[in-house]
Amino acid sequence: MNLLTSSINTVNYTNLPFEFENEYLYAYIFALYEKFYFSKLLYDFKSRIKEQKGTRKFIDFTNDIWVHELTSQDNGTLIFEKTKEALELTKIYETVKEQYDVVTKGFKMKNSDLLNKVVLMLLAVSILTNIVNFINLYKLK
């Protein structure tokens with residue numbers, strides 16, 4: 001991110017440096033933060049130990065940061081969007097989202113496997129109980 005100005009216009013040496021230091025520079029730093037955070041999330045998704053923690057962090061990040069606007073000013077929003085475009089944050093976000101989808105599908109499959117085992121055990125117990133009841137009923141006659 002660069003700031004090139006001239007002294008032809010008074011705004012260039014009065015207001016613009018102030019706006020750059022207090023708005024545009026922070027927008028750039030925030031975009032860098034997002035990029036590093038995405039890198040950390042990708043690492044967490046690849047690490048089997050931290051998968052579940054990574055999914056929670058991704059959901060929190062998306063809800064708290066990604067969907068909200070950084071500033072309400074038009075220039076700040078434009079600068080931030082251009083910075084996101086230059087750092088390819090949207091592509092990185094999509095990559096992280098794909099990893100998140102893979103991990104959550106894996107969790108759902110594990111949960112459904114566990115549920116299927118529980119249902120199978122209940123079915124086996126039910127069949128055994130019915131067989132015992134049928135034998136007892138047959139002995140009574």
Side-chain angles (χ1 to χ4, degrees), residues 1-7 9-141:
M1 179 170 251
N2 296 336
L3 178 65
L4 299 173
T5 62
S6 68
S7 61
N9 190 349
T10 58
V11 172
N12 288 342
Y13 60 87
T14 56
N15 293 345
L16 192 58
F18 178 78
E19 288 177 2
F20 180 79
E21 288 177 4
N22 294 310
E23 295 173 24
Y24 307 151
L25 183 62
Y26 290 117
Y28 178 69
I29 291 171
F30 190 73
L32 284 176
Y33 165 75
E34 286 183 345
K35 185 171 184 170
F36 289 128
Y37 197 83
F38 286 146
S39 299
K40 184 184 179 311
L41 285 175
L42 280 174
Y43 177 76
D44 285 349
F45 286 141
K46 291 179 182 174
S47 170
R48 292 283 178 208
I49 299 169
K50 298 180 181 180
E51 277 181 344
Q52 197 164 13
K53 193 175 184 181
T55 57
R56 186 74 238 156
K57 286 181 181 180
F58 177 73
I59 292 170
D60 291 342
F61 180 82
T62 301
N63 290 338
D64 295 340
I65 296 174
W66 186 254
V67 296
H68 296 292
E69 295 221 9
L70 183 65
T71 182
S72 61
Q73 295 178 349
D74 292 336
N75 286 341
T77 303
L78 181 65
I79 292 290
F80 187 61
E81 290 300 319
K82 293 293 182 181
T83 305
K84 283 172 62 174
E85 183 180 312
L87 293 175
E88 298 178 340
L89 288 179
T90 306
K91 289 180 185 177
I92 297 171
Y93 178 79
E94 292 300 323
T95 305
V96 172
K97 186 164 181 353
E98 288 173 7
Q99 286 290 333
Y100 168 76
D101 290 340
V102 168
V103 169
T104 54
K105 285 180 185 176
F107 285 145
K108 287 179 184 178
M109 286 177 48
K110 287 178 186 176
N111 289 341
S112 67
D113 287 345
L114 179 64
L115 183 63
N116 287 341
K117 288 178 183 177
V118 168
V119 168
L120 187 61
M121 291 294 288
L122 290 174
L123 180 64
V125 169
S126 175
I127 288 173
L128 288 174
T129 306
N130 285 335
I131 289 173
V132 169
N133 285 336
F134 181 73
I135 291 173
N136 288 335
L137 182 65
Y138 183 74
K139 285 182 181 180
L140 286 176
K141 285 187 179 185

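This one's a predicted model, so the numbers in the text were calculated from it and none came from an experiment.
At least one side-chain heavy atom of Y93 sits under 4.5 Å from a side-chain heavy atom of T62.
Scanning all heavy atoms of the two residues, the minimum distance from A31 to L87 falls at CB-CD1, 3.8 Å. A pairwise comparison of heavy atoms in V96 and F38 identifies CG2-O, 3.8 Å as the closest pair.
Listed by chain and number, the residues in a ring-ring contact (aromatic ring centres under 6.0 Å, His included) with Y100 are F58 (sequence neighbours excluded). With sequence neighbours excluded, the residues satisfying side chain to side chain contact (heavy atoms under 4.5 Å, CB included) with T95 are L42. Every residue meeting the salt bridge (Lys or Arg N to Asp or Glu O under 4.0 Å) condition with K57, not counting sequence neighbours, appears here in chain and number order: D44.
Between atom CD of residue E85 and atom NZ of residue K91 there is a gap of 9.5 Å, rounded to the nearest 0.5 Å. Between K40 atom NZ and Y33 atom OH the span is 9.5 Å, to the nearest 0.5 Å. Note that the CG atom of L32 and the CD atom of E34 stand 10.0 Å from one another [nearest 0.5 Å]. Remark: N130 CG to I135 CD1 distance equals 11.0 Å, nearest 0.5 Å. Rounded to the nearest 0.5 angstrom, K84 NZ and T77 OG1 are separated by 10.0 Å. Expressed to the nearest 0.5 Å, how far CG of N133 lies from CG of L128 amounts to 11.0 Å.
Side-chain N or O atoms of T129 include one that pairs as donor or acceptor with a backbone N or O of V125 at under 3.5 Å.
Applying the 6.0 Å contact sphere to OH of Y26 captures no more than 12 heavy atoms from other residues, nucleotides or ligands.
Aromatic rings from Y37 and W66 are positioned such that their centres are separated by 6.0 Å or more.
Under 4.0 Å is where a charged nitrogen must lie from a carboxylate oxygen, and between K105 and D101 no such pair does.
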Run the numbers on L140 and N136 for side chain to side chain contact (heavy atoms under 4.5 Å, CB included), then give the verdict.
-> CA-CA 6 Å; L140 286 176; N136 288 335; 5.7 Å; no
